[in-house]
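Proteins come first, then strands; the chains are lettered A, B, ... in the order of their sequence lines, and each starts at number 1. Treat the numbers as computed from the prediction; the structure is a model and nothing was measured.
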Amino acid sequence: TQLLEQSPQFLSIQEGENLTVYCNSSSVFSSLQWYRQEPGEGPVLLVTVVTGGEVKKLKRLTFQFGDARKDSSLHITAAQPGDTGLYLCAGGASGSRLTFGEGTQLTVNP
Amino acid sequence: DAGITQSPRHKVTETGTPVTLRCHQTENHRYMYWYRQDPGHGLRLIHYSYGVKDTDKGEVSDGYSVSRSKTEDFLLTLESATSSQTSVYFCAISASNRRDGYTFGSGTRLTVV
């Protein structure tokens, strides 16, 4: 079973601060995805990265896939209260289904 | 714009009773999945389907069964509900097995008393 570990588990910051959350594994993934989940709703896909070293930007969110395709990071610049939510990473290896991390619960305080 | 709907959204049931949760999609996606989400465990795969009448077990399949008689519907049945099955259940769909990403439903909160 492939495991994805996310850190930190909980993060509470003030509006305007920057933050980074991490997703790590000992396994190689052919692709890695990030989702955001708000209370009472299902996770929503933010981005998919497939190439080692790949960087994708989505407004104030920057996603990076590690060179060895075993880890990923999500960096948020100038966080806003609307960024509050549970951030989940999910990895897919060749021939297998997605494995989800347990998530990072982010709270951005006004 | 929901291409996937789950019903019911909330349910309270008694221990020992059978319960069926429904997932309906309008995207004509091949793959459908049932997950449960619990604090400290994240999302865990119960069962999945890769086509009509083609299903397979996930990592926490004991006590659950599924059926997919039509492309658009994927049913999850708790054969005899137990308190340990109190959870939030999510259905997800995808066009391919991994890379396209999953679209999740809004979830069913199930309480077994």
Side-chain angles (χ1 to χ4, degrees), chain A residues 1-10 21-25 27-52 54 56 58 63 65 69 72 74 85-105, chain B residues 1-10 21 23-25 27 29-50 54-61 74 87-110:
Chain A
T1 302
Q2 300 157 313
L3 295 176
L4 279 168
E5 294 185 355
Q6 291 189 239
S7 61
Q9 277 190 286
F10 300 94
V21 299
Y22 300 92
C23 176
N24 295 293
S25 176
S27 302
V28 175
F29 291 99
S30 61
S31 65
L32 197 135
Q33 298 164 0
W34 285 92
Y35 294 79
R36 180 169 66 208
Q37 184 178 17
E38 298 186 12
E41 296 298 327
V44 175
L45 179 67
L46 295 174
V47 75
T48 300
V49 286
V50 298
T51 305
E54 182 177 3
K56 281 192 174 180
L58 184 65
F63 304 86
F65 201 11
R69 291 183 289 134
S72 181
L74 159 59
L86 178 67
Y87 288 81
L88 296 159
C89 65
S94 177
S96 70
R97 301 170 299 282
L98 283 181
T99 298
F100 283 84
E102 290 186 23
T104 294
Q105 180 63 54
Chain B
D1 64 337
I4 175 172
T5 55
Q6 291 184 233
S7 59
R9 288 296 312 272
H10 300 89
L21 309 182
C23 179
H24 178 78
Q25 62 147 328
E27 304 296 325
H29 283 345
R30 177 182 178 187
Y31 295 89
M32 299 185 76
Y33 311 84
W34 276 108
Y35 285 87
R36 59 179 290 175
Q37 188 174 37
D38 305 286
H41 292 280
L43 282 162
R44 292 182 291 173
L45 182 65
I46 305 171
H47 282 280
Y48 69 103
S49 170
Y50 44 95
D54 289 326
T55 65
D56 206 348
K57 296 179 180 180
E59 59 183 304
V60 289
S61 60
F74 193 32
S87 185
V88 181
Y89 291 86
F90 287 100
C91 177
I93 60 174
S94 68
S96 68
N97 200 7
R98 302 180 313 280
R99 190 168 287 199
D100 289 347
Y102 291 4
T103 300
F104 284 85
S106 297
T108 294
R109 181 173 293 277
L110 177 69

Worksheet, complete the sentence: Separation between OH (A/Tyr35) and OG1 (B/Thr103), nearest 0.5 Å, reads 7.5 Å
Worksheet, complete the sentence: Note: B/Ser106 and A/Glu41 closest approach over all heavy atoms is OG-OE1, 3.1 Å
Item to complete: Kindly compute the distance separating CG (A/Leu88) from CD (B/Gln37), expressed to the nearest 0.5 Å.
Response: 6.5 Å
Worksheet item: What part of B/Arg9 is in contact with chain A, defined as an atom under 4.5 angstrom from a non-hydrogen atom: side chain, backbone, both or neither?
Response: side chain
Response to the item:
Whatever's closer than 4.5 Å to a heavy atom in chain B on A/Leu32 counts as neither
Worksheet item: Counting only heavy atoms not in B/Arg109, do more than 12 fall under 6.0 Å of its CZ?
Response: no
Item to complete: Evaluate side chain to side chain contact (heavy atoms under 4.5 Å, CB included) for B/Tyr102 paired with A/Leu98, printing each intermediate quantity in order.
Response: CA-CA 9 Å; B/Tyr102 291 4; A/Leu98 283 181; 3.5 Å; yes
Worksheet entry | Rounded distance (nearest 0.5 Å) linking atom CG of B/Leu43 with atom OG1 of A/Thr99 | 11.5 Å
Discussion item. Are B/Phe90 and A/Gln37 packed together at the side-chain level, in the sense that at least one heavy-atom pair is separated by less than 4.5 angstrom?
Written reply: yes
Practice prompt. Flag the one option from B/Gly40, B/Cys91, B/Gly107, B/Ala92 with the top tally of heavy-atom pairs under 4.5 Å to chain A.
Written response: B/Gly40
